[in-house]
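Residue numbers start from 1 in every chain, and the chains themselves are labelled A, B, ... in the order their sequence lines are given, proteins ahead of strands.
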Number of protein chains: 2
Amino acid sequence: MKITKAQSQANRAHIVETAATLFRERGYDGVGVAELMAAAGLTHGGFYKHFGSKADLMAEAAACGLASTAQRAVGANRDAFLDHYLSREHRDARGTGCTMAALSGDAARQPDAVRARFAEGIEQMLAQRTDGDGAPGQSDRAAVLDTLAHLVGALVLSRACPDDSPLADEILEACRARLRDPR
Amino acid sequence: MKITKAQSQANRAHIVETAATLFRERGYDGVGVAELMAAAGLTHGGFYKHFGSKADLMAEAAACGLASTAQRAVGANRDAFLDHYLSREHRDARGTGCTMAALSGDAARQPDAVRARFAEGIEQMLAQRTDGDGAPGQSDRAAVLDTLAHLVGALVLSRACPDDSPLADEILEACRARLRDPR
DNA sequence: ATTATCTATAGATCTATAGATAATGC
DNA sequence: ATTATCTATAGATCTATAGATAATGC
């Protein structure tokens, strides 16, 4: 049953990616190690050869999810990004959507190791949206942080409403209108 | 060991209030029924004479927490409210602070019964901030929802950062500056 | 020989229920 | 007699570990 070193590394990466999705869908407490490993096509016991604890995986999965979230913002047109971020499709796809919107609330109750990854993820977003963006005053750190918080809050509040609630859509639309035309 | 009907009602209310605090501090999955009852000064088994299930209590505790959150916004001066909401004190007091910021992420994964209470809580906030507020255009539904999402996002992101992280404070300050002087 | 994975399980949770107890409220 | 609370426990989780297995990599 032993496999190559390369395969083991691939298995490890696959566990992290599977976790990044499942945690976003169901929260850190909503997914057990056994179920997670089964979803990755492996068995429960093998987990602890790859990670010291579930908390260690939470930190790695956060880094993985946040990096792919930040990657999606690279070079994106601002208005197009806002439209996508505040779309019903994004709101209804928690497992593949923004990691900050899906897990910031959970992360706040986790050890600093997990929270440090969230801070790094926010810094990655800042690095991408503050340099070479042209319009001065629009791309300083404060402006990017402000917009990021605004977006995350809109998605989080919209998701807290019942399915098919008119209010859930109203929240997205209110923030979209405001962010596209701030004046 | 039996008590009066009035005492039983008081016990029930006390369970709901205790839950509203503990859930905000540790999340819905982070507090068990036995621990919650012990915190309320009662024993585990008595819980099910008051509530059909833990999920039923989550819905009641959400309504309780959201009502007290909305109550705090009644008649408040806008700038003073923003300053308090985005203060470090509020960020670091999850158990007594805004229910939406503390539990929206968790609520999104709960049954519609819980999410319906969140939608009602948002409507309560709308009812309070859209009528008789004077300045036209500042107090329509869209403007209130936009500000609410902005505030919730700022607190949620700030809490996801490590303790004593400069970034956590920077997020609050960026949103405070923007919300106090939107132009 | 090493080690990635597997099976099996220990020990500690968790929600919910059953049955006993004892004071209220008819 | 009713019922709010209690003790005790059933049954199902959960994280983590122990020991067996078998193919890689020296």
Side-chain angles (χ1 to χ4, degrees), chain A residues 1-62 103 106-107 109-111 113-114, chain B residues 1-62 103 106-107 109-111 113-114:
Chain A
M1 289 274 173
K2 179 126 181 264
I3 53 163
T4 78
K5 224 160 208 168
Q7 183 61 46
S8 175
Q9 287 297 92
N11 283 351
R12 184 195 158 93
H14 187 229
I15 294 168
V16 173
E17 283 159 27
T18 303
T21 298
L22 284 180
F23 284 151
R24 272 180 281 187
E25 282 175 359
R26 312 225 291 274
Y28 291 127
D29 290 341
V31 189
V33 172
E35 184 192 11
L36 167 73
M37 290 295 278
L42 297 165
T43 56
H44 183 178
F47 177 84
Y48 293 91
K49 275 282 188 296
H50 288 297
F51 308 95
S53 68
K54 182 183 176 183
D56 285 357
L57 174 65
M58 294 185 329
E60 282 210 42
L103 287 172
D106 282 44
R109 301 184 297 255
Q110 299 301 330
V114 175
Chain B
M1 290 271 172
K2 178 129 181 257
I3 54 162
T4 77
K5 224 160 212 168
Q7 183 59 47
S8 175
Q9 288 297 92
N11 284 351
R12 184 196 159 94
H14 187 230
I15 295 169
V16 173
E17 281 158 28
T18 303
T21 298
L22 284 180
F23 284 150
R24 271 179 282 188
E25 283 175 0
R26 311 224 293 271
Y28 291 128
D29 291 341
V31 189
V33 172
E35 185 192 10
L36 167 74
M37 289 295 278
L42 296 166
T43 55
H44 183 178
F47 178 83
Y48 294 91
K49 275 282 190 296
H50 288 297
F51 308 96
S53 68
K54 183 183 176 182
D56 285 358
L57 173 65
M58 295 184 333
E60 281 210 44
L103 288 172
D106 283 45
R109 301 184 298 255
Q110 298 301 329
V114 175

Minimum heavy-atom distance between B:Glu60 and B:Phe51, given as atom pair plus value: OE2-CE2, 3.7 Å
Would you kindly give the CG-to-P distance between A:Leu57 and D:dA16, to the nearest whole Å? 11 Å
Is the closest side-chain heavy-atom distance between A:Thr21 and A:Glu17 below 4.5 Å? no
When rounded to whole Å, the CG to P distance for the pair B:Asn11 and D:dA4 reads 11 Å
Taking only the side-chain heavy atoms of B:His44 (C-beta and beyond), determine which of C:dT15, D:dT5, C:dT24 contains the nearest atom. C:dT15
So does B:Asp106 pair up with A:Arg109, basic N to acidic O under 4.0 Å? yes
Can you tell me the distance, in whole Å, between the CE atom of B:Met58 and the C1' atom of C:dT15? 12 Å
Protein-nucleotide distance (A:Tyr48, atom OH; C:dC6, atom P), rounded to Å: 15 Å
What's the closest nucleotide to the side chain of A:Leu42 if the choices are D:dT15, C:dT24, C:dC6? C:dC6
Distance check needed: C:dC14 P versus B:Phe47 CZ, whole Å only. 13 Å
From C-beta outward on B:Thr4, which listed nucleotide comes closest to its side chain: C:dG25, D:dG25, D:dA4? C:dG25
Remember a base hit wins even if backbone is also touched, and classify B:His50 as base, sugar-phosphate or nothing at under 4.0 Å, heavy atoms. sugar-phosphate
Whole angstroms only, please: what is the CZ-P distance between A:Phe51 and D:dT15? 14 Å
Over how many whole Å does the gap from B:Asp56 atom CG to C:dT15 atom C1' extend? 13 Å
Output the single nucleotide from C:dT7, D:dC6, D:dA4 whose closest atom is nearest the side chain of A:Thr43. C:dT7
Can you see which heavy atom on A:Ala39 is nearest to which on A:Leu22, and at what distance? CB-CD1, 3.9 Å
Check: B:Val114 and B:Leu103 side chains under 4.5 Å, non-hydrogen atoms: no
Any stem touching DNA chain C, meaning at least three consecutive Watson-Crick or G-U pairs under 3.5 Å, ordered by first number, would be C:1-24 with D:1-24
Under 4.0 Å, heavy atom to any atom of DNA chain D: which of residues 13-39 of chain B qualify? none
Nearest 0.5 Å, please: how far is CD1 in B:Ile15 from CG in B:Leu57? 7.5 Å
So B:Ser8, base contact, sugar-phosphate only, or nothing? Heavy-atom distance under 4.0 Å. sugar-phosphate
Distance in Å, A:Tyr48 OH paired with A:Asp56 CG, rounded so as to fall on 0.5 Å steps: 10.0 Å
In this structure, how many angstroms lie between the P atom of D:dG19 and the NZ atom of A:Lys49, rounded? 12 Å
In terms of side-chain heavy atoms of A:Ser53, which of C:dG25, C:dA4, D:dA16 is nearest? D:dA16
What is the nucleic acid contact for B:Lys54, judged by heavy atoms within less than 4.0 Å: base, sugar-phosphate only, or nothing? sugar-phosphate
